Amino acid sequence: MPDKLKIALLGCGVVGTQVARLLTEQADDLASRVGTPLELVGIAVRDLSVEREGVDPALLTTDAEALVAGADVVVEVMGGIEPPRALILRAIEHGASVVTANKALLAQDGPTLYAAADAAGVDLYFEAAVAGAIPIVRPVRESLAGDTVRRVLGIVNGTTNYVLDRMATDGLDLDQAVKEAQALGYAEADPTADVEGFDAAAKAAILASLAFHTRVSIDDVQREGITSLTADDVAWAAGTGHVIKLLAIAERNTGDDGTEGIQVRVHPALVPADHPLAGVRGAFNAVFIEAEAAGELMFYGRGAGGAPTASAVLGDVVSVARHRVLGGRGPVESSYADLPVLPAEAARTRYQVRLEVADQPGVLAQVAAVLAEHGVSIEAVRQTPAPDEHVARLLITTHAASERALAGTVEAIAGLDVVRAVVSVLRVEGA
Ligand code: NDP
Ligand code: HSE
């Protein structure tokens, strides 16, 4: 048994500071859980002059390469693609086990890292990369390994959930709410990754890969962020018994030609107010899974922030450290199923389409005719007056329709003379 394990920490920002704190404050308990002490031997940063609360400045270094070369376990919480990718590969080459929270890197180039870890016989763990503190990677990879997952529906970005919640409950505008989320440490360094859905898309790719035993990269994920949503959309959602959530969706599906495959997408969606995901407030995350034998499962908790994310990182550190003490490595992700990722246009959902139309006879019939021509079935229509007496507002809810059919329908409706504006088109999920 090694008399201690050397831990190298890459990054000392929102997450890294908390990882360093927990490694220090809980050193005795961690040693007991692992079976040998964990020694934090160094922390790689860019700027040595920055003061970091509770962190011994003597541990800081700008020489990340040298740090990883001498470690047993490397914890990467720097973020970004490079240098983390090169540093993780270097760590693996030197025989170190790796823990990372870096979903962007895993979603872009995970297979290269998994292959390197396999070849070296070391662990590469990444619980914190999806939904922060929530144990979700391990349950999907291990606890559900005997089941067949049909669908994963997740609120996996704390920043956007916080923003949408603040817009809904306090009428904040998008920019104000994003600034608050940044101040609270939820947002990525560049919040574009959050509000444009890149962060959620990376997590969707990781979850889909694990759930469907198939390699899914961020390029396979259809993505739409929340920047086009208005306070009016949020208010309308409430008026129709829904809340708007940015959802990451991964599901088994059948393509137009009968091919069995999967679809992975991230977009804002209307969620019925009585669905469990509708009650996920603030920066909380939740992942709702439908599996054949298990039925419906929901995992809920803090998806962002320094301490919650550090909790997941430390859980991984204990696991990989135990494996080093006891020998062997933990379960790895598999990609044996190799299911095709189906084109986005074949995805089928219900939609709510809001229109402003001329308030005159025959208008509803014209709009309904366009829907019928495209094979889109209407579930409900609600008409309300607009401030201009010659204009009416229409809210059309459809039955499940393909994205292709819906896109064609909306284009044709927008071209009708009697239609003043297509105000919004939102998918309805979880109904
Ligand atoms: P921060 O930007 O707060 O911290 C990044 C740290 O890495 C900083 O200490 C920075 O050094 C250091 N760093 C960055 N680039 C380099 C480099 N080239 N060389 C040396 N050091 C470098 O990021 P977070 O802590 O928020 O996030 C870290 C990772 O965790 C990311 O992958 C993120 O996606 C992930 N994550 C974050 C969550 C969160 O809530 N914040 C939640 C879940 C995952 P310096 O301080 O000197 O600038
Ligand atoms: N920016 C991310 C979020 C951090 O808001 O959820 C967690 O990955």
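Small disclaimer: the values here were computed from a predicted structure and weren't measured. Computed from heavy atoms alone, side chains included, the values below leave out hydrogens, waters and symmetry copies. As the structure lists them, so they are numbered: ligands from 1, and atoms in each ligand from 1.
- Under 4.0 angstrom from ligand 1, the non-hydrogen atoms of Val14 come from both its backbone and its side chain.
- Residue Gly16 has no nitrogen or oxygen atom sitting less than 3.5 Å from a nitrogen or oxygen atom of ligand 1, judged on distance alone.
- Side chains of Asp199 and Lys103 form a contact here, defined as non-hydrogen atoms less than 4.5 Å apart.
- Considering backbone and side-chain atoms alike, Tyr186 places every N or O at 3.5 Å or more from each N or O of ligand 1.
- Residue Asp199 touches ligand 2 through its side chain alone, judged by heavy-atom distances below 4.0 Å.
- In terms of protein heavy atoms, atom 13 (N) of ligand 1 is closest to Met78 CG, 3.7 Å.
- For atom 21 (N) of ligand 1, a protein non-hydrogen atom is found at a distance below 4.0 Å.
- Less than 4.0 angstrom separates some heavy atom of Ala187 from each of these atoms of ligand 2: 1 (N).
- At the top of the distance list for atom 40 (O) of ligand 1, counting protein heavy atoms only, stands Gly305 N, 2.6 Å.
- Distance from atom 36 (N) of ligand 1 to its nearest protein heavy atom, with residue and atom name: Lys103 NZ, 3.5 Å.
- Taking each heavy atom of Ala128 and Asp316 in turn, the nearest pair found is N-OD2, 4.4 Å.
- Cation-pi contact between Arg151 and Phe212: absent, since separation from the ring centre below 6.0 Å together with deviation from the ring axis within 45° is not met.
- Atoms of ligand 1 found under 4.0 Å from any heavy atom of Arg46, numbered from 1 in the order shown, are 10 (C), 11 (O), 14 (C), 15 (N), 16 (C), 17 (C), 19 (N), 20 (C), 21 (N), 22 (C), 45 (P), 47 (O), 48 (O).
- Considering Arg348, Arg265, Arg427 as possible partners of Glu403, the one that fulfils the salt bridge (Lys or Arg N to Asp or Glu O under 4.0 Å) test is Arg427.
- A salt bridge links Arg354 and Asp233; the closest N-O separation between the charged side-chain nitrogens and carboxylate oxygens is under 4.0 Å.
- Residue Cys12 holds the heavy atom nearest to atom 9 (O) of ligand 1 of all those in Ala187, Cys12, Ala64, Ala104.
- Judged by distance alone, with hydrogens and angles left aside, the side-chain atoms of Lys6 form no donor-acceptor pair with the main-chain N or O of Glu39 at under 3.5 Å.
- The shortest distance between side-chain heavy atoms of Leu395 and Trp236 falls below 4.5 Å.
- Between Asp256 and Arg404 there is a salt bridge, with a side-chain nitrogen of the basic residue lying less than 4.0 Å from a carboxylate oxygen of the acidic one.
- The protein atom (non-hydrogen) at minimum distance from atom 4 (O) of ligand 1 is Gly13 CA, 3.3 Å.
- Exactly one residue among Glu290, Glu292, Glu251 makes a side-chain hydrogen bond (donor to acceptor under 3.5 Å, both in side chains) with Arg150. That residue is Glu292.
- Here the protein heavy atom with the shortest distance to atom 2 (O) of ligand 1 is Ala189 CB, 4.6 Å.
- Looking at heavy atoms from C-beta onward, Ile262 lies in side-chain contact with Thr214 at the 4.5 angstrom threshold.
- A salt bridge links Asp118 and Arg329; the closest N-O separation between the charged side-chain nitrogens and carboxylate oxygens is under 4.0 Å.
- Listed by number with element, the atoms of ligand 2 under 4.0 Å from a non-hydrogen atom of Tyr186 are 1 (N), 2 (C), 3 (C), 4 (C), 5 (O).
- Ligand 1 has no atom lying under 4.0 Å from any heavy atom of Val50.
- You'll find the side chain of Tyr351 stays beyond 4.5 Å of the side chain of Leu426, heavy atoms only.
- Looking only at side-chain heavy atoms (C-beta outward), Thr100 and Leu106 come within less than 4.5 Å of each other.
- The side chain of Asp194, and not its backbone, has at least one atom closer than 4.0 Å to an atom of ligand 2 (non-hydrogen atoms only; side chain from C-beta on).
- Every N/O-N/O distance between Glu76 and ligand 1 stays at or above 3.5 Å.
- Taking every heavy atom of both residues into account, Val313 and Val77 meet most closely at CG2-CG1, 4.4 Å.
- Across all non-hydrogen atoms, the minimal contact from Ile218 to Ala202 is CD1-N, 3.7 Å.
- No N or O atom of Ala304 sits closer than 3.5 Å to an N or O atom of ligand 2.
- Distances below 4.0 Å separate heavy atoms of Lys203 from the following atoms of ligand 2: 2 (C), 6 (O), 7 (C), 8 (O).
- Looking at Asn285 next to ligand 2, no N or O pair under 3.5 Å apart turns up.
- The atoms of ligand 2 that sit less than 4.0 Å from any heavy atom of Lys103 are 4 (C), 7 (C), 8 (O).
- The protein heavy-atom contact nearest to atom 5 (O) of ligand 2 is Thr159 OG1, 2.6 Å.
- Near Asp47, meaning under 4.0 Å from any of its heavy atoms, are these atoms of ligand 1: 47 (O).
- Those atoms of ligand 1 with a heavy atom of Ala128 less than 4.0 angstrom away are 43 (C), 44 (C).
- Which parts of ligand 1 touch Gly185 is read off a 4.0 Å heavy-atom cut-off, strictly below it: atoms 40 (O), 41 (N).
- The distance from ligand 2 to the heavy atoms of Gly158 drops below 4.0 Å at these ligand atoms: 3 (C), 5 (O), 6 (O).
- Between Met167 and Tyr162, the closest side-chain pair of non-hydrogen atoms is not below 4.5 Å.
- Ring geometry for His323 versus Tyr125: interplanar angle over 60°, hence perpendicular rather than tilted (30 to 60°).
- Nearest-heavy-atom check against atom 30 (O) of ligand 1 across Ala129, Gly303, Ala101 picks out Ala101.
- Ligand 2 places these atoms under 4.0 Å from at least one heavy atom of Gly303: 7 (C).
- For atom 27 (O) of ligand 1, the nearest non-hydrogen atom of the protein is Val15 CG2, 4.0 Å.
- Of all the heavy atoms of Pro83, the ones lying under 4.0 Å from any atom of ligand 1 belong exclusively to the side chain.
- For atom 31 (C) of ligand 1, the nearest non-hydrogen atom of the protein is Gly79 CA, 3.5 Å.
- A salt bridge between Arg85 and Glu76 is absent, with no side-chain N of the basic residue lying under 4.0 Å from a carboxylate O of the acidic one.
- Of all protein heavy atoms, the one closest to atom 43 (C) of ligand 1 is Thr309 CG2, 3.4 Å.
- Residue contacts with ligand 1: Gly132 is excluded, as none of its non-hydrogen atoms falls under 4.0 Å.
- Residues Leu153 and Leu277 are in side-chain contact: their nearest non-hydrogen atoms beyond the backbone lie under 4.5 Å apart.
- Counting atoms of ligand 1 from 1 in the listed order, those under 4.0 Å from a heavy atom of Ala304 are 40 (O).
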